[in-house]
Visitor: 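Let me give you the structure first, and then I'll get to my questions.
Residue numbering restarts at 1 for every chain, and letters A, B, ... go by the order of the sequence lines.
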Protein chains: 2
Amino acid sequence: MDANPKIRMTKQRQVILEELCKVTSHPTADEMYQVIRKRLPKISLGTVYRNLEILSELGMVLKLDVGGTQKRFDGNVVNHYHVRCTDCGCVGDLHMPTDLEIEQKAQPLTDFQIKRHSLEFIGVCPECREAKSRRVS
Amino acid sequence: MDANPKIRMTKQRQVILEELCKVTSHPTADEMYQVIRKRLPKISLGTVYRNLEILSELGMVLKLDVGGTQKRFDGNVVNHYHVRCTDCGCVGDLHMPTDLEIEQKAQPLTDFQIKRHSLEFIGVCPECREAKSRRVS
DNA sequence: ATTATCATTAGTAATTATTATCCATTATCA
DNA sequence: TGATAATGGATAATAATTACTAATGATAAT
């Protein structure tokens, strides 16, 4: 294994990147797999995992470590915040300027060397809210 | 299974709560298991998981969904922020007033109903920083 | 006090998400 | 063209967590 291997943009890798950039739903690896399979029926789940990992190492996609059991992926690499639904676990974007000052404010309060921050809002998505109110009435 | 079962403060449950409140290290379930075993050698890992879950549902401890592969637990239920080390994954507290305004600012920008937010700083802990500089020199 | 009930336990099996391995295939470049 | 390295698909392995089960111990009712 070379330290700096030549990256090939294979069909599989390209389709994964394309499909991820198409959506704003922050899919899990398995959700990606289901979508990709429609275009490449022979692709394996391992390939999806491997390529999402590689693409995220290259900085072409974002691997999100938001709450829940599964990692999620984002085709939008520009720094932004997220909202997660407590009920269904879905994740949406929250387009609000990221606060860089807060890292400066936090730095004197810890002996960790702060590199970045991640802010996640937690709430209920419209669909789940709708489902809840229907249950009550 | 009753919808509202009577919960008993068993020895196991109490020791788990005690030991978690003693530390500020935000241990994983397995780390808790290792500590508890010193006092209750016969306890099983499943019991630790089950009780941490129950205690967090009761609001007596906090289940943290910070990055990394394992969930972490916190005996301090007062809302506060955390710092996570990119290298070793350890988690520290960051005692800075939590910003409630930010939820109000974010609300108009999403159709999710925001309940709370979680802010995590990401950096390098003193130990790992030390280890790094030693490797260079 | 005795018994019936029910929460809880330890131990183990099962599940879920992810990563690693193996070998055939394909692309790249000398 | 032929050598070499990257990649893919299939499958096995691993890690973290959850579910299941029979036994145990507390609680409440008689």
Visitor: Could you please name the option among D:dG9, C:dA17, C:dT9 that lies closest to any side-chain atom of A:Thr69?
Guide: C:dA17
Visitor: Looking only at the side chains, is there a donor atom on one of A:His82 and A:Asp74 sitting less than 3.5 Å from an acceptor on the other?
Guide: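 A pair is found: one side chain offers a donor N or O, the other an acceptor, under 3.5 Å apart.
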Visitor: With a 4.0 Å cut-off on heavy atoms, is B:Asp30 in touch with a base, just the backbone sugar-phosphate, or nothing at all?
Guide: nothing
Visitor: What is the distance, rounded to the nearest whole Å, between atom CG of B:Leu52 and atom P of D:dA16?
Guide: 15 Å
Visitor: Test side chain to side chain donor-acceptor pair (under 3.5 Å) on B:His26 and B:Asp93 and set out the steps.
Guide: CA-CA 9 Å; B:His26 313 83; B:Asp93 285 325; 2.8 Å; yes
Visitor: Who does C:dT25 pair with, Watson-Crick or G-U, both distances under 3.5 Å?
Guide: D:dA6
Visitor: Go through it in stages, so that I can follow the logic: the residues are A:Phe112 and B:Cys90, the test is side-chain contact (heavy atoms from CB on, under 4.5 Å), and I'd like the CA-CA distance, side-chain angles, deciding distance and then a yes or no.
Guide: CA-CA 10 Å; A:Phe112 283 54; B:Cys90 74; 3.9 Å; yes
Visitor: Could you let me know what D:dT30 is paired to, Watson-Crick or G-U wobble, both distances under 3.5 Å, or none if it's on its own?
Guide: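 Per the H-bond distance test, C:dA1.
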Visitor: Please pick, from D:dA16, D:dG9, C:dT9, the nucleotide with the shortest atom-to-atom distance to any side-chain atom of A:Gln12.
Guide: D:dG9
Visitor: Starting at NZ of A:Lys11 and ending at P of C:dT26, how long is that distance when rounded to a whole Å?
Guide: 15 Å
Visitor: Can you see if the side chain of B:Arg50 gets near the phosphate of C:dA7 - specifically, an N or O under 4.0 Å from OP1 or OP2?
Guide: no
Visitor: Expressed as a whole number of angstroms, how long is the span from B:Lys71:NZ to C:dT16:P?
Guide: 15 Å
Visitor: Take atom CG of A:Asp65 and atom P of D:dA16, then tell me their distance rounded to the nearest Å.
Guide: 14 Å
Visitor: When you look at CZ of B:Arg39, are more than 12 heavy atoms from neighbouring residues, nucleotides or ligands closer to it than 6.0 Å?
Guide: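 Correct, the count exceeds 12.
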Visitor: Separation of B:Ile36 atom CD1 from C:dT9 atom C1', in whole Å?
Guide: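 Spelled out: CD1 on B:Ile36 to C1' on C:dT9 is 15 Å.
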Visitor: Given D:dA26, D:dT17, D:dA10, identify the nucleotide with an atom nearest to the side chain of A:Ser44.
Guide: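 Nearest to the side-chain atoms of A:Ser44, counting from C-beta on, is D:dA10.
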Visitor: For the pair made of CD in B:Glu31 and P in D:dA16, what is the distance, rounded to whole Å?
Guide: 10 Å
Visitor: Could you state the atom-to-atom distance from CD of B:Glu53 to P of D:dA16 in whole Å?
Guide: 17 Å
Visitor: Closer than 4.0 Å, any side-chain N/O of A:Tyr49 to the OP1 or OP2 of C:dT18?
Guide: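 Indeed, a polar side-chain atom of A:Tyr49 lies that close.
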Visitor: Using OP1 and OP2 only, check whether a side-chain N or O of B:Thr10 sits under 4.0 Å from C:dT9.
Guide: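 It does, given that an N or O in the side chain of B:Thr10 lies less than 4.0 Å from OP1 or OP2 of C:dT9.
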Visitor: Can you run down the side-chain hydrogen bond (donor to acceptor under 3.5 Å, both in side chains) pairs that involve residues 120-131 of chain A, sequence neighbours left out, and say none if there aren't any?
Guide: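 side-chain hydrogen bond (donor to acceptor under 3.5 Å, both in side chains) check on residues 120-131 of chain A returns A:Arg84-A:Glu120, A:Glu130-A:Arg134.
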Visitor: Verify the contact: side-chain N or O of A:Arg8 to OP1 or OP2 of C:dT26, cut-off strictly under 4.0 Å; return yes or no.
Guide: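 Checking C:dT26 against A:Arg8, no side-chain N or O comes under 4.0 Å of OP1 or OP2.
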Visitor: Could you check B:Lys6 against B:Leu40 and say which one's nearest nucleotide on DNA chain C is further toward the 5' end?
Guide: B:Lys6
Visitor: On DNA chain D, does the nearest nucleotide to B:Gly46 precede the nearest nucleotide to A:Asn51 from the 5' side, or the other way round? Give the residue.
Guide: A:Asn51
Visitor: Return the value, rounded to whole Å, for the distance between atom NZ of B:Lys42 and atom C1' of D:dT24.
Guide: 12 Å
